[in-house]
Amino acid sequence: MGKLIHFTELNSTNTYLKENFAALADKTVVSADIQTAGRGRFNRQWISQKGGLYFSILLKPTQTDYIVNLTQLMALSICKAIEDLGAKPTIKWPNDVQLNGKKICGILSETITQQNGIACVIVGAGVNVAQRDVSYVGQPAISLREAGIFIDPDILLPSILNHFWQKYDQVLSQGFASLREEYKKRFPYLGKVISVKNGTADATGTVTDISAKGTLLLNADNGLEEILIGDLIV
Ligand code: BTN
């Protein structure tokens with residue numbers, strides 16, 4: 001486990017690591033009580049009010065073949081930490097965590113490349129923990145508190161990190177295959193008809209599997225499609 005840096009207020013824990021990665025050690029974790037410019041996937045805003053858990057991990061792995069799967073490892077780790085509290089969260093591929101069918105967590109991973117290759121990966125997560133009302137999210141969302149689970153974000157963070165580090169080396173060396181079974185157990189959309197939006201090529205079809213690479217396999221109108229990235233619309 002690396003060093004933990006905590007801020008009461010920060011623009012964004014991902015942005016902080018992007019701006020300071022060169023000076024910081026591998027596995028540094030940054031967290032903030034509030035983010036004033038929290039960022040989500042596809043350039044969306046991530047409103048970050050007090051009560052939520054906002055953190056990012058700086059990773060400087062030497063093996064980089066499977067870094068795309070670190071986001072899925074984080075989703076699984078957050079599920080496990082929430083399960084430890086007695087709830088039953090699920091994963092909405094690729095990396096949203098849901099509780100009672102509503103979003104409880106989002107993850108944003110960013111990779112910084114330099115002339116000599118990948119300099120670092122930043123895995124950032126926002127978890128709705130102690131907010132009384134998350135209706136500002138603009139999509140069905142829920143906090144642990146709204147689900148009747150009262151926990152401090154600072155207590156939840158070490159539990160998530162424990163689950164993450166437990167599997168980290170394995171994911172770097174073996175990829176999604178080392179998570180697949182545990183991930184699929186928490187993925188309720190197998191056999192369901194869904195749409196995937198990724199801005200360019202949207203697709204609709206029946207989910208047949210999550211591949212050993214962590215991609216979504218869809219039986220669509222024009223045959224089997226492998227989806228690498230996107231937002232699942234269910
Ligand atoms: C999403 O679902 O769109 C991903 C949201 C990721 C939000 C987290 S909060 C901590 C870290 N810092 C950010 O600015 N974003 C991520």
Side-chain angles (χ1 to χ4, degrees), residues 1-5 13-14 17-18 21 24-31 41 53-85 87-99 104-113 116-127 155-190 207-217 226-230 232:
M1 232 198 246
K3 181 172 149 189
L4 176 66
I5 308 173
T13 55
N14 267 42
L17 286 179
K18 262 181 137 173
F21 73 91
L24 294 170
D26 182 28
K27 300 187 178 172
T28 299
V29 179
V30 176
S31 66
R41 294 168 72 223
L53 170 62
Y54 314 105
F55 71 98
S56 305
I57 312 182
L58 174 68
L59 300 165
K60 299 183 175 180
T62 47
Q63 284 174 289
T64 55
D65 292 350
Y66 300 115
I67 53 173
V68 292
N69 299 119
L70 291 173
T71 319
Q72 288 162 315
L73 169 61
M74 181 53 79
L76 186 60
S77 306
I78 290 171
C79 266
K80 288 178 178 175
I82 294 176
E83 285 163 12
D84 293 342
L85 302 172
K88 278 220 167 302
T90 54
I91 299 175
K92 190 170 137 209
W93 181 92
N95 49 43
D96 277 358
V97 178
Q98 296 188 314
L99 191 61
I104 196 150
C105 156
I107 301 167
L108 175 69
S109 286
E110 298 180 284
T111 301
I112 297 180
T113 44
N116 44 357
I118 290 167
C120 68
V121 181
I122 295 162
V123 180
V127 189
I155 308 283
L156 185 63
L157 177 58
S159 166
I160 294 171
L161 295 175
N162 272 338
H163 286 295
F164 185 85
W165 298 127
Q166 255 171 40
K167 282 259 171 189
Y168 177 65
D169 289 334
Q170 218 182 341
V171 172
L172 285 185
S173 59
Q174 297 164 32
F176 186 75
S178 59
L179 301 177
R180 192 177 182 195
E181 216 169 291
E182 290 187 292
Y183 184 99
K184 278 175 65 175
K185 245 194 257 167
R186 294 164 173 89
F187 176 70
Y189 300 103
L190 284 174
V207 179
T208 59
D209 208 352
I210 306 284
S211 78
K213 288 189 283 177
T215 54
L216 183 78
L217 302 180
E226 180 181 18
I227 316 283
L228 307 182
I229 183 92
L232 221 114

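- No side-chain heavy atom of Thr71 sits less than 4.5 Å from a side-chain heavy atom of Arg41.
- Interatomic distance, NZ of Lys80 versus CG of Leu85, reported as 14.5 Å (0.5 Å rounding).
- Interatomic distance, Ser211 OG to Arg180 CZ, rounded to the nearest 0.5 Å: 6.5 Å.
- When every heavy atom of Ile227 is checked against every heavy atom of Thr215, the shortest pair comes out as O-CB, 3.4 Å.
- Put simply, CE on Met74 and CG on Leu161 are 6.5 Å apart, with the number rounded to the nearest 0.5 Å.
- Between the CD atom in Glu226 and the OG1 atom in Thr208 there is a gap of 10.0 Å [rounded to 0.5 Å].
- Between Tyr168 and Trp165, the ring planes lie perpendicular to each other; the angle is over 60°, past the 30° to 60° tilted range.
- Across all non-hydrogen atoms, the minimal contact from Tyr183 to Pro94 is OH-O, 2.7 Å.
- Of the listed residues (Ile210, Ile91, Leu232), just one forms a side chain to side chain contact (heavy atoms under 4.5 Å, CB included) with Tyr189, and that residue is Leu232.
- The main-chain N or O of Leu108 is found under 3.5 Å from a side-chain atom of Asn14 such that the two form a donor-acceptor pair.
- No donor-acceptor pair under 3.5 Å is formed between the side chain of Asn95 and the backbone N or O of Ala75.
- Lys88 has its side chain out of reach of Thr90: every pair of non-hydrogen atoms, C-beta onward, lies at least 4.5 Å apart.
- Residues Phe55 and Ser31 approach most closely at CB-CB, 3.9 Å, considering heavy atoms.
- In this structure, the separation between CZ on Phe176 and CG on Leu70 is 12.5 Å, given to the nearest 0.5 Å.
- The nearest pair of heavy atoms linking Cys79 to Pro89 is O-CG, 3.5 Å.
- Summarising the geometry of Gly214 relative to Gln72, their closest heavy-atom pair is O-NE2, 2.9 Å, with the distance given to 0.1 Å.
- At most 12 non-hydrogen atoms from other residues, nucleotides or ligands lie less than 6.0 angstrom from NZ of Lys3.
- Side-chain atoms of Leu24 and Ile5, non-hydrogen and from C-beta on, do get closer than 4.5 Å to each other.
- For the pair Trp93 (side chain) and Gly230 (backbone), a donor-acceptor distance under 3.5 Å is absent.
- The side-chain heavy atoms of Asp209 and Lys184, taken from C-beta on, include a pair separated by under 4.5 Å.
- Applying the side-chain contact (heavy atoms from CB on, under 4.5 Å) criterion to Ser77, with sequence neighbours excluded, gives Leu73, Ile160, His163, Phe164.
- The heavy-atom pair separating Val30 from Thr13 by the smallest distance is O-CG2, 3.7 Å.
- Remark: Asp169 CG to Gln174 CD distance equals 10.5 Å, nearest 0.5 Å.
- Using a distance-only test at 3.5 Å, with no hydrogens or angles considered, no donor-acceptor pair links the side chain of Lys213 to the main chain of Gly175.
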